[in-house]
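To start, the structure under review is shown below, and the notes come after it.
All residue numbers refer to positions in the sequence shown, counting from 1.
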Amino acid sequence: MRERNDAARILAGTCFTALLTISPLFVEQAFADDAWKNRTEVVWSSETRSLIRKEFRVWDPHPELDLDFLWEPRAPVRSDDSTLASGVGTLSWRVKSAPDYDRQYIYSVFKGTLKDGRPEGDGVLLVFRTGYSYSGHWVNGLMDGHGILKLENGDRYDGEFVAGKMDGEGRYASSDGSIYQGGFRNGSRHGRGKLLLAGGSYWTVWDQGVEISRAQIPDVTPIPHSLKPRLAAASNSVKLKLTLDQEKNRAFADADPGTEAHVYDAEFSPGMMTIQPGSKAFREAWKAGGEISSGYEDSLPSIYNDNQFASVFMKVQVQNEGVQPAVIADAFLDVASSTLDPEPYLEASQTGPGYCGIDTAYRPDIVFRNLGWGQVIGAKLTFSLGTADRRTQQTTALLGSFDGTKQASIVESLRGFGVDTERLKKAALGLYHQKMSDRPKTNDLAFHCNMPRGDATEDQNEKALAVCVSKVKKTGLFGRLADFVYPEQNVIFTKMSGKIEYQWKSNDGELKSKSSPFSLNIPLVSFDIEMGEAGCDDASDRGSKMQSSPSLLSVGRTSYQIHLPKSWQASIAQGTVKSFDLDISAPKTSRHKFQLLLKLTDGSVVTSPVVDLTYFRPRMPKR
């Protein structure tokens with residue numbers, strides 16, 4: 001019972017002062033004896049080429065929470081390596097005695113380099129439940145050098161650190177919309193800087209966190225009328241603050257650990273809150289020419305259904321600084337515009353299941369899925385085949401236009417290299433019928449490989465598989481492609497890498513060009529070897545994510561209002577803060593600009609910053 005209570009206490013925590021590393025206490029704890037922890041793990045040894053028990057020792061930045069850790073080094077270790085964890089890997093902290101596989105008990109994760117048990121060099125820290133994160137350089141376990149720090153309240157600092165504190169030049173964007181660009185010392189604003197507020201910009205001078213002078217900078221750039229904060233009849237005593245609800249984001253991600261969850265991130269500027277999908281890899285694949293998903297573990301995860309995408313979970317805080325109670329008479333979203341985003345979002349995959357299916361023996365077909373809401377026009381495929389070190393010359397294929405899915409085949413390309421595609425197809429069918437038979441027997445069409453029996457080492461298995469691959473190559477089956485294939489487990493692959501180029505039409509009818517790189521492993525031969533369970537997920541069994549009852553924005557409308565529930569019509573006592581939940585969604589991928597307005601019974605209005613929301617909802621192809 002005590003362990004369950006401790007878990008609840010840690011998971012419900014909203015303050016992370018230890019890892020913030022901006023207090024002197026943290027610096028003192030960094031070298032305390034009780035800030036170290038040891039754990040014995042089972043890891044792969046490069047020395048014995050087998051699993052061994054190895055003790056690791058790491059520095060604990062939050063010993064008062066009494067957490068367990070898991071160190072997952074990227075490279076194999078040796079039994080005589082120091083117990084102090086070093087090298088590139090993942091260090092996670094979780095509730096004590098909780099299972100390693102259950103991520104709902106994870107407190108924080110660091111991905112990067114450790115040196116003698118502490119973060120050193122480049123690394124990324126994410127504290128779950130609070131949304132706190134740091135991405136940048138570390139020295140001796142502390143933020144040091146350039147980095148980006150995101151606090152749980154939505155504030156963001158991008159700049160220099162020294163010994164765990166903001167120090168040097170930096171940019172601090174507060175969730176209230178203000179931005180300070182200038183000097184910092186010992187964790188506080190110090191020196192000359194520029195302060196950007198909704199009402200204007202200022203030159204400002206600070207001394208150890210205390211502002212000593214401010215001078216307004218003349219504004220020569222007019223702000224579009226549609227983006228100006230509403231000032232008429234504005235309340236002087238009631239303030240409104242918008243932030244993302246990180247607790248709901250985390251709960252959404254935990255609702256189905258087997259499926260990748262997509263939540264939203266926010267950035268603040270004077271009078272503006274910009275919200276977009278939080279995954280950088282996803283945004284780059286969609287908007288910035290990044291590599292599209294191929295479904296492999298080390299790439300951007302595939303999208304299986306629209307339940308993988310959260311609503312925009314927002315927290316609204318209304319603060320009454322007046323001397324009388326403030327009563328909200330009406331609350332609504334004042335939407336300036338809601339427009340469809342027709343830019344395609346592509347994924348690449350193969351027909352049928354991946355590594356887990358028995359039809360992985362030979363699959364020369366590729367499928368491109370468009371999960372966006374606009375058509376792919378005049379698509380052209382340029383690709384080469386090979387390994388990481390050796391590639392064939394590029395080949396071009398025309399795919400044409402498509403809305404949902406488009407299937408392409410590289411059979412003709414394989415034949416052009418002299419590959420016996422008919423033999424590969426017959427072998428795959430033979431293996432399929434053999435696996436499906438109630439009375440399986442050796443099939444002459446399938447490829448066989450004699451592997452070591454019993455407790456063979458990984459090195460012995462690799463050597464035996466290499467012999468089998470060499471025999472297949474000598475038959476001439478692969479033609480000139482023989483030097484461009486490679487084995488992995490019991491399958492011989494060639495890697496197809498290239499780009500898909502196409503056009504798409506914007507809302508105003510303009511044709512825009514786009515190029516998206518992709519990479520796929522193409523299975524050619526599967527040896528008749530029992531490999532055990534491959535561990536694939538069945539996408540059809542994936543559970544739905546946590547659902548809410550969000551306020552639904554329209555698409556293709558301008559200048560409309562969405563009134564919020566009567567529960568918003570509340571009284572806020574003087575000197576107090578009242579919080580509201582605001583969940584928002586839309587029926588299609590779209591962009592929205594709106595403000596939250598509160599009308600008070602005294603006739604005044606409280607207005608939020610302008611929200612610029614890029615919302616994504618995949619258009620799933622019909623089955």
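- Across P587 and W373, no two heavy atoms sit closer than the pair O-CZ2, 4.0 Å.
- Checked by atom type and distance alone, the side chain of R557 never pairs as donor or acceptor with a backbone atom of V335 at under 3.5 Å.
- Between A285 and Y345, the closest heavy-atom pair is CB-CE1, 4.2 Å.
- Salt bridge status for E412 with R415: present, with a side-chain N to carboxylate O gap under 4.0 Å.
- Within the 4.5 Å cutoff, side-chain heavy atoms of F493 are placed close to those of P523.
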| message | Using the rule given for salt bridge (Lys or Arg N to Asp or Glu O under 4.0 Å), can you reason through D581 versus K315, listing the C-alpha separation, both sets of side-chain angles and the distance that settles it, and then say yes or no? | response | CA-CA 5 Å; D581 291 333; K315 182 71 70 176; 2.8 Å; yes
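- Summarising the geometry of H592 relative to S554, their closest heavy-atom pair is CE1-O, 3.1 Å, with the distance given to 0.1 Å.
- In this structure, Q308 contributes its side chain and E260 its backbone to a donor-acceptor pair below 3.5 Å.
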| message | If you apply the rule ring-ring contact (aromatic ring centres under 6.0 Å, His included), what do you find for F69 with F56, and how did you get there? | response | CA-CA 10 Å; F69 75 87; F56 292 109; 7.8 Å; no
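- Between F484 and F417, the two ring planes are tilted [angle within 30° to 60°].
- Sorted by first then second residue, the salt bridge (Lys or Arg N to Asp or Glu O under 4.0 Å) pairs that include residues 380-401, not counting sequence neighbours, are K380-E501, R390-D483.
- Identified under the side-chain hydrogen bond (donor to acceptor under 3.5 Å, both in side chains) test for residues 273-282, with sequence neighbours left out: none.
- Here I410 contributes atom CD1 and T395 contributes atom OG1; the two are 9.5 Å apart, rounded to the nearest 0.5 Å.
- Residues D68 and Y105 have side chains that never bring a donor and an acceptor to within less than 3.5 angstrom of each other.
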| query | Going through the checks in order, is the side chain to side chain contact (heavy atoms under 4.5 Å, CB included) test met by L524 and L414? | reply | CA-CA 10 Å; L524 301 174; L414 296 176; 4.2 Å; yes
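- With values rounded to the nearest 0.5 angstrom, K111 atom NZ is found 12.0 Å from L91 atom CG.
- Under the 3.5 Å distance criterion, the side-chain polar atoms of R283 are matched with a main-chain donor or acceptor of G278.
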| said: With ring-ring contact (aromatic ring centres under 6.0 Å, His included) as the criterion, how do H262 and F282 come out once you've worked through the C-alpha distance, each side chain's angles and the decisive distance to 0.1 Å? | reply: CA-CA 9 Å; H262 290 273; F282 173 84; 5.0 Å; yes
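- S293 contributes a side-chain N or O that, together with a main-chain N or O of L300, makes up a donor-acceptor pair within less than 3.5 Å.
- With values rounded to the nearest 0.5 angstrom, I377 atom CD1 is found 11.0 Å from F402 atom CZ.
- When side chains are defined from C-beta on, F518 counts as touching L381, because their heavy atoms get closer than 4.5 Å.
- The nearest pair of heavy atoms linking F309 to P618 is CD1-CD, 3.6 Å.
- Rounding to the nearest 0.5 Å places NE2 of H137 at 13.5 Å from CE of M143.
- Residue E343 is tested with K514, K512, K505 for a salt bridge (charged side-chain N to carboxylate O under 4.0 Å, His left out); the sole match is K514.
- A donor-acceptor contact shorter than 3.5 Å links the side chain of K406 to the backbone of L399.
- In this structure, the side chain of D583 does not engage the main chain of F313 through any donor-acceptor pair within 3.5 Å.
- Shortest non-hydrogen contact noted between P301 and E347 is O-OE2, 4.0 Å.
- Under a 3.5 Å cut-off, the side chain of Q246 and the backbone N or O of G154 do not form any donor-acceptor pair.
- Under a 4.0 Å N-O distance rule, the pair D612/R591 qualifies as a salt bridge.
- S108 places a side-chain heavy atom less than 4.5 Å from the side chain of L125.
- Taking a cutoff of 4.0 Å between a charged side-chain nitrogen and a carboxylate oxygen, K287 and D341 qualify as a salt bridge.
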